[in-house]
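To keep things clear, I will list the structure first and then write my remarks on it.
When a ligand or atom number is given, it counts from 1 through the structure's own listing order.
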Amino acid sequence: MTVKEWTRQVVKQDEIDKYLDRGKDFIDEEEIARELQRQQHPAASRVRDILQKSLEIKTLTPAETAALLNVDDPALLEEMETTALAVKRKVYDNRVVFFAPLYLSNLCVNNCLYCGFREDNKEEKRHVLSMDEVARETEAVIDEGHKRVIAVYGEHPRSHVDYMVDSLAAIYSIKRATPSGRGFNNIRRVNVNAAPMEVADLRKLWRAGIGTYQVFQETYHRGRYAELHAPTTLKGHYRWRLYAVHRAMEAGVEDVAIGALFGLYDWRFEVMGLLRHARDLERCFGVGPHTVSFPRLQPALGAPASARSPFLVSDEHARRLVTVIRLAIPCSGLIVTARERPETRRELIRLGCTQTDASTRLGIGAYAKGLKQEENADKVQFTLGDQRGLDEVARELANDGMITSFCTAGYRCGRTGERIMTMLEKGAERKFCKLNAVLTFREFLDDYASPATRLVGERLVEQEMKEIEADGFFAGKGLLPLFRSYYDRIKNGERDLYM
Ligand code: SAM
Ligand code: SF4
């Protein structure tokens, strides 16, 4: 089959139509515009009622979200930020989960005007990692101290589902001795960011042990979407993408992730799109997205729309959009990436983000070769704002009282999908995560941390241990003896023990 023939048979119309509600999808642009208009200048008392609902860990309605998006009063904005942090603490406590993006291929049949991988960018050097190269990349990522990756693929028959399945197996197969000489390290969860697929293919990914399946809609605005993604390309099919993670849920992948590329269209509109997306997943499957992403557009070589979009989002608006998403979709994790500069990332984590990356390298094969982006400009998708290593970012967070977690237990213990969301809502998952955060941070401190990070890390662990010992939940469930024994065994060199 030629690439053109392959492209023509990807979209399955019946796998879109079945989700439509009387022929309509869940993005009603006129209704979004009307709602944003109707909710202008919300009264302070109404805003406080909405904040109360967020604190009860309930997904907000479009009207409530629009009201929050329209708040301009500095004092009320501050209340919203304080509440966003309280919501984060209630659901996720003080932990931040770390991952590394692993770019496996930059061949792409699409032509997204903002992306360095687009087919027409002739400056980009194309490469699809062989399985040996995937193994070398994985080794290099593990040696940074990571235990969780997101595998990223361009859309092309050479890197389609069978290649993904093989690469997941290759990544999971690697075990490395740790630098301390004690125990081993490995990747325990592989998430995937890849183009929309049909249910049968998604089922293959599920069988291969995928963690989260992530697809960003880029922009929820149809007109803007059509300007940026030629309708003749696969990605030009707006609805095929809109229902990508619905199909994943249908295929059995319980943790799905959504996102919008902020800077392509009006940021308030995109937040309303994300909210509607989350609510439609709840409607269809009883559970919303595992995570929500809000990457901001970065400059990319050979990608004309990356530099001169009229909708670029300021730092001030980035703060506001994170605050509103945290309040509107309180159960979902929020991901901030190394696209952001260090100080912005720190700020956005403080406001409610729960996952981030570090030691990030975007070039295909760049971890194994130790290439920084300046040395690899012809194989990257966009430019990073923060190239700091895991040790440094973990130290900064520890200094801010936040614990770096590599926990992957939820998914391996069946705490996924609806089950995990109900536990998050009730504050129970947070408890298990606290234990696993301490266990995995202990591994990191012993195996990879610099003396400076160990110093602040040990203080944090001590504090966490005190909180755990004092918390009636753990004693009531009889979890303390097991936790203490796992902690001691990890200190003695055993690895990958989780609750
Ligand atoms: N080809 C797959 C797809 O389009 O779904 C994989 C995704 S792509 C390699 C990962 C994500 O990077 C895209 O969904 C897009 O949101 C983001 N991205 C692309 N160009 C970007 C840029 N210039 N700045 C920031 N993020 C960008
Ligand atoms: Fe290809 Fe994805 Fe980049 Fe679009 S965003 S050009 S589909 S890799």
When you compare the side chains of [X] and [Y], does any donor N or O come within less than 3.5 Å of an acceptor on the partner?
X    : Y    : answer
N110 : E155 : yes
D201 : H160 : yes
T337 : D357 : no
N185 : Y448 : yes

Could you list the atoms of ligand 1 found under 4.0 angstrom from a heavy atom of [X]?
X    : result
R296 : 25 (C)
Y153 : 1 (N), 2 (C), 6 (C)
V152 : 9 (C)
K235 : 3 (C), 4 (O)

In this structure, which one of E29, H277, E270, R276 forms a side chain to side chain donor-acceptor pair (under 3.5 Å) with Y220?
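Of all the options given, the one that passes is H277.
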
Original post:
Any idea which atoms of ligand 2 are less than 4.0 Å away from a heavy-atom of K235?
Top reply: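 Heavy-atom distances to K235 below 4.0 Å select 2 (Fe), 4 (Fe), 5 (S), 7 (S).
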
- prompt: What atoms of ligand 2 come within less than 4.0 Å of a heavy atom belonging to C108?
  reply: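 Per the distance check, 1 (Fe), 6 (S), 7 (S), 8 (S).
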
task = Taking the six-membered ring of W6 (Phe, Tyr or Trp), confirm whether the NZ or CZ of R158 is under 6.0 Å from its centre and within 45° of its axis.
result =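 The answer is no; the distance or angle limit is not met.
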
task: Please say whether S306 places an N or O atom under 3.5 Å from an N or O atom belonging to ligand 1.
output: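 No, since none of the N or O atoms of S306 sits under 3.5 Å from an N or O of ligand 1.
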
Note to self: With a cut-off of 2.8 Å, does C115 put an N/O/S atom close enough to atom 3 (Fe) of ligand 2?
What the structure shows: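 C115 does place an N, O or S atom closer than 2.8 Å to atom 3 (Fe) of ligand 2.
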
Checklist line | C112 near atom 4 (Fe) of ligand 2 via N/O/S, less than 2.8 Å | finding: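 Under 2.8 Å: C112 contacts atom 4 (Fe) of ligand 2 through an N, O or S atom.
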
**Message:** Heavy-atom distances under 4.0 Å decide this one: backbone, side chain, both or neither, for E155 against ligand 2?
**Reply:**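 E155 to ligand 2: no contact under 4.0 Å from either part.
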
